[in-house]
Amino acid sequence: MYKLRATIIKDLQVLTRDKIGLIFMFVMPIVLAIVITSTQNSTFELVNKNKVPVLLCNKDNGESSKQLVNAIEKVGMFEVKK
Amino acid sequence: MISSAVSIQNLVFKYPGQADACLEIPGLEVEAGERFGLFGPNGAGKTTLMNCMTGLLNYHQGNIKLFGHEVKTNRKTIKKFFGFVPQDFSFYGELSPRENLAFFGAWSGMKKQEIKKKSDELFEILGLADVQNKQVQKFSGGMKRRVNLAIGVIHTPRILFLDEPTVGVDVHTRQAIISYLKDLNKNGTTLIYTSHQLSEAEELCDRIALIDKGKILAHDSLHQLLSDHREEGLEGLFISLTGKTYRDS
């Protein structure tokens, strides 16, 4: 227990005096999280704003075809033109 | 009553992947309380032998005993009574000498009060009292060597291994280290010492061993070796036994 305590104290002392190490340990992950989330956010926006135009011709008036058309519209990626 | 501090018999050591043994020592005894020097060219095997004696390297054949305890099988026991001052600095540069000694003292099983008392004593003897709370990484080479030595002796070992403790230091620091080692020895600590400074053999060692290519070429008192080989100085003896070619090329 005494050795463990001495090791913890030593590591904390070493860590608090290593300014560059501290920056890498705490600031870098925050910067990385901000950069990654903003990059991912702009990718989502790009996908959501630009929809793929799809010309849909439905000659079947059955229940199944209506369900298929609804499903395609619900995806959100397609701009369905009938 | 065990009078041998170190006893080596039929020692063979080879590094992984090497066909030939890099250390072969049929027998070597160092008496308790002795100042024993290991001298040899670069790459001769001095550090390897020291690492085997301290249990840092596992030898393949033979045995090494420290005060009757086999090194290979009694690591925990031998840790308590030997100290090691390695060639490379073994402290934490971000910490002060006091903090370094507190950490290494704790790992040697010493109590807080004991560490404080011994640290104060060592700082006074080794001239580190004024800088005891400053970061070691800002110290000069000589001061770093003294911190390295203080760490090796914090737990008052019965046997102290020193791997070139005076390399790269000025005359004052060298004298301070040598003088402290002599005092330690007077108080009963056995010293096993390696160095390139041949003058230190005369100054410090009761007996020396000349080692080259992993083998001990000769071991005895310096006076006896010079007389046996009809040489006037250790440098002449060293060259006559080891030759003039580079060993570590």
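Labels below follow one simple rule: chain letters A, B, ... track the order of the sequence lines, proteins then strands, and each chain is numbered from 1. Computed from heavy atoms alone, side chains included, the values below leave out hydrogens, waters and symmetry copies.
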> Taking only residues two or more places apart in sequence, or in another chain, which ones meet B:Q61 in a side-chain contact (heavy atoms from CB on, under 4.5 Å)?
Replying inline: B:V12
> With B:E34, which residues qualify under salt bridge (charged side-chain N to carboxylate O under 4.0 Å, His left out), at least two apart?
Replying inline: B:R207
> More than 12 heavy atoms of other residues, nucleotides or ligands under 6.0 Å from NZ of B:K116: is that the case?
Replying inline: no
> Hey, what do you get for NZ (B:K112) to OH (A:Y2), rounding to the nearest 0.5 Å?
Replying inline: 7.0 Å
> Listed by residue number, which members of residues 3-20 of chain A have a heavy atom under 4.5 Å from any heavy atom of chain B?
Replying inline: A:K3, A:R5, A:A6, A:T7, A:K10, A:Q13, A:V14, A:R17
> Is the number of heavy atoms from other residues, nucleotides or ligands under 6.0 Å of A:N41 CG greater than 12?
Replying inline: yes
> In this structure, are over 12 heavy atoms from other groups packed under 6.0 Å from B:Q18 atom CD?
Replying inline: yes
>> Other residues, nucleotides and ligands only: do more than 12 of their heavy atoms fall within 6.0 Å of NZ on B:K79?
In response: no
> Of the backbone (N, CA, C, O) and the side chain (C-beta and beyond), which part of B:S96 lies under 4.5 Å from a heavy atom of chain A, both, or neither?
Replying inline: backbone
> Should we count NZ of B:K144 as having more than 12 external heavy atoms under 6.0 Å?
Replying inline: yes
> Who in residues 58-77 of chain A is close to chain B, using a strict under-4.5 Å heavy-atom cut-off?
Replying inline: none
